[in-house]
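Data first, discussion second: the structure below is written as structure tokens.
As the structure lists them, so they are numbered: ligands from 1, and atoms in each ligand from 1. Computed from a prediction, not measured in an experiment: that's the story for all the values here.
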Amino acid sequence: MTDKIEGLLKEVDGLQASSAKEAEALRVKYLGKKGIINDLMADFRNVPADQKKAVGMKLNELKNKAQEKINALKEAADTQDHVADDIDLTRTAYPVALGTRHPLTIVKNEIVDIFSRLGFTLAEGPEVEDDWHVYSSMNFADDHPARDMQDTFFVEAHPDIVLRSHTSSVQARVMERQQPPIRVICPGRVYRNEAISARAHCFFHQVEGLYVDRNVSFTDLKQVLLLFAQEMFGKETKIRLRPSYFPFTEPSAEMDISCDICGGKGCSFCKYTGWVEILGCGMVDPAVLDANGIDSRIYTGYAFGMGIERITNLKYKVKDLRMFSENDLRFLEEFTSAN
Ligand code: DAH
């Protein structure tokens with residue numbers, strides 16, 4: 001019997017199958033209920049007791065080997081069948097490189113994510129806007145210098161149509177179609193007629209926030225901004241609000257965060273002040289609420305606006321704004337994100 005098993009071991013080793021069907025036939029022949037190996041198992045009863053151990057081991061070896069071999073044949077036949085069907089001859093022979101998200105998108109997503117957790121929902125508006133939404137509804141006087149040709153891109157032949165110079169226009173878009181409570185976060189691209197340099201570009205990105213309801217106070221604004229700064233830049237981050245002026249907020253402020261490069265001690269990045277400016281904010285001017293159909297006797301609100309490039313520079317220490325729009329893969333591939 002040992003000789004027979006040895007012979008079968010060799011036989012099994014040399015098995016071939018050119019299709020899944022053939023492999024299945026081999027399985028039936030060797031491993032099926034009425035197959036060769038089962039027959040041997042039945043004969044095993046007649047093996048003399050002193051040889052049972054050695055023969056039993058050989059028999060097991062044969063069974064395992066047959067199983068392994070036939071499974072492998074099946075798998076090979078399966079993939080062969082698939083290869084024949086599914087092969088895409090038009091596909092490039094080179095590995096397809098996965099892209100990375102743009103650093104500004106990574107930071108925008110992070111900002112939006114933080115405010116979503118605080119109950120803000122996303123709102124967007126057009127980049128080509130009319131004067132009303134960009135300026136008049138935001139309480140800019142007719143002769144406000146921001147409307148100046150040097151700042152705003154006008155659409156030729158349509159003096160009323162501009163490329164929006166800030167995302168505050170989305171505040172107006174939201175208020176005109178929705179009554180409070182309003183709590184929105186509005187990311188988007190904005191345009192300004194600036195000479196392009198390392199520190200200025202003719203387009204960049206902002207995120208606007210707006211919260212309007214009964215009894216909204218400056219304290220609410222400060223608390224939300226502190227939480228944002230600590231989520232974005234780390235738990236140790238401190239904030240400081242400085243009085244400022246914007247036509248659409250009263251009172252208005254600019255917010256600085258403690259410089260995370262020197263930890264507030266003072267360095268060239270923060271110009272030795274220990275603070276870096278990151279956004280503008282304030283209580284929505286009652287004139288803005290009224291101009292947009294919201295009763296300022298009932299409601300108050302706060303708003304804030306920040307530049308995404310600025311936040312990205314702070315987080316990733318990008319020194320030249322032009323890097324963001326040059327599409328240099330060596331730069332873009334340095335950034336990775338979880339989603
Ligand atoms: N729109 C301002 C700018 O482009 C930024 C800003 C400041 C937005 C204060 C606001 C705000 O909503 O309250 O410079």
Side-chain angles (χ1 to χ4, degrees), residues 108 111-112 115 118 120 122-127 129 131-141 144-148 150-153 162-175 182-194 199-213 216-226 228-229 239-257 276-289 291-292 294 296 299-311 313 321:
K108 179 206 78 179
I111 298 170
V112 170
F115 284 102
L118 295 169
F120 286 74
L122 203 69
E124 281 175 317
E127 291 176 20
E129 256 296 11
D131 177 278
W132 168 258
H133 291 95
V134 180
Y135 295 124
S136 301
S137 69
M138 287 288 114
N139 204 31
F140 282 79
H144 193 284
R147 293 171 185 246
D148 199 300
Q150 278 149 36
D151 237 328
T152 308
F153 282 116
V162 301
L163 298 186
R164 68 179 177 196
S165 55
H166 59 179
T167 44
S168 300
S169 55
V170 187
Q171 288 191 32
R173 289 266 164 205
V174 172
M175 285 189 273
I182 292 171
R183 206 179 328 185
V184 288
I185 190 86
C186 328
R189 180 173 292 170
V190 301
Y191 302 82
R192 286 185 200 175
N193 194 356
E194 305 241 14
R199 303 177 57 87
H201 211 294
C202 59
F203 65 81
F204 55 99
H205 302 78
Q206 291 187 329
V207 175
E208 190 84 10
L210 174 70
Y211 182 20
V212 186
D213 204 347
V216 176
S217 72
F218 202 90
T219 316
D220 300 328
L221 169 64
K222 203 173 157 185
Q223 207 52 46
V224 159
L225 292 181
L226 174 64
F228 164 71
I239 62 166
R240 157 174 106 166
L241 290 165
R242 284 179 290 104
S244 184
Y245 172 78
F246 299 102
F248 33 89
T249 43
E250 179 59 36
S252 306
E254 267 160 327
M255 185 173 102
D256 301 339
I257 57 166
V276 281
E277 184 195 320
I278 64 158
L279 56 79
C281 61
M283 299 305 291
V284 181
D285 194 306
V288 170
L289 293 176
N292 289 289
I294 289 173
S296 64
Y299 298 109
T300 52
Y302 64 68
F304 54 85
M306 65 187 100
I308 302 179
E309 278 80 353
R310 176 131 190 94
I311 309 272
N313 285 349
L321 268 184

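- Contact annotation for Met283 and ligand 1: no heavy atom of the residue comes within less than 4.0 Å of the ligand.
- For atom 12 (O) of ligand 1, the closest heavy atom belonging to the protein is Glu208 OE2, 2.6 Å.
- Heavy atoms of Met138 stay at 4.0 angstrom or farther from ligand 1.
- Using a 4.0 Å cut-off between heavy atoms, Met306 makes no contact with ligand 1 at all.
- Taking atom 14 (O) of ligand 1 as the reference point, the nearest protein heavy-atom neighbour is Arg192 NH2, 3.8 Å.
- Of all the atoms in ligand 1, the ones that sit under 4.0 Å from a non-hydrogen atom of Gln206 are 3 (C), 4 (O).
- Contacts of Cys281 with ligand 1, taken as heavy-atom pairs under 4.0 Å, involve the backbone alone.
- Between Ala303 and Thr249, the closest heavy-atom pair is CB-CG2, 4.4 Å.
- Within the listing of ligand 1, atoms 7 (C), 9 (C), 11 (C) sit less than 4.0 angstrom from a heavy atom of Gly280.
- Contact atoms of ligand 1 toward Ser168: 1 (N), 8 (C) (distance under 4.0 Å to a heavy atom of the residue).
- Using a 4.5 Å heavy-atom cutoff, the side chains of Glu127 and Leu163 are not in contact.
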| said: Go through it in stages, so that I can follow the logic: the residues are Ile182 and Tyr299, the test is side-chain contact (heavy atoms from CB on, under 4.5 Å), and I'd like the CA-CA distance, side-chain angles, deciding distance and then a yes or no. | reply: CA-CA 10 Å; Ile182 292 171; Tyr299 298 109; over 6 Å; no

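- Residue-level proximity to ligand 1 for Phe304 is carried by the backbone, the only part with a heavy atom below 4.0 angstrom.
- Under a 4.0 angstrom heavy-atom cut-off, Glu254 registers as lying outside contact with ligand 1.
- At a 3.5 angstrom cut-off on N or O pairs, Ala303 counts as close to ligand 1.
- A heavy-atom separation below 4.0 Å is found between Phe248 and ligand 1.
- Taking the six-membered ring where the residue is Trp, the centroids of Phe120 and Phe228 are separated by 6.0 Å or more.
- Here Arg183 does not pair with Asp213 in a salt bridge; the nearest charged N to carboxylate O distance is not below 4.0 Å.
- Checking only distances, Ser165 never comes within under 3.5 Å of ligand 1, N or O to N or O.
- Of all atoms in ligand 1, numbered sequentially from 1 with element shown, those under 4.0 Å from a heavy atom of Thr249 are 13 (O).
- The heavy-atom pair separating Ser244 from Glu254 by the smallest distance is OG-OE1, 3.3 Å.
- Applying the 4.0 Å criterion to heavy atoms of Gly282 picks out, from ligand 1, the atoms 13 (O).
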| Between Glu194 and His201, does a side chain to side chain donor-acceptor pair (under 3.5 Å) hold up when you go through it step by step? | CA-CA 6 Å; Glu194 305 241 14; His201 211 294; over 6 Å; no

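- The aromatic rings of Phe140 and His166 sit perpendicular, their planes meeting at an angle over 60°, well past the 30° parallel limit.
- Pro145 is not listed as a side-chain neighbour of Asp151, based on a closest heavy-atom distance of 4.5 Å or more.
- Checked for salt-bridge contact, Arg242 and Glu277 meet the test: a charged N lies under 4.0 Å from a carboxylate O.
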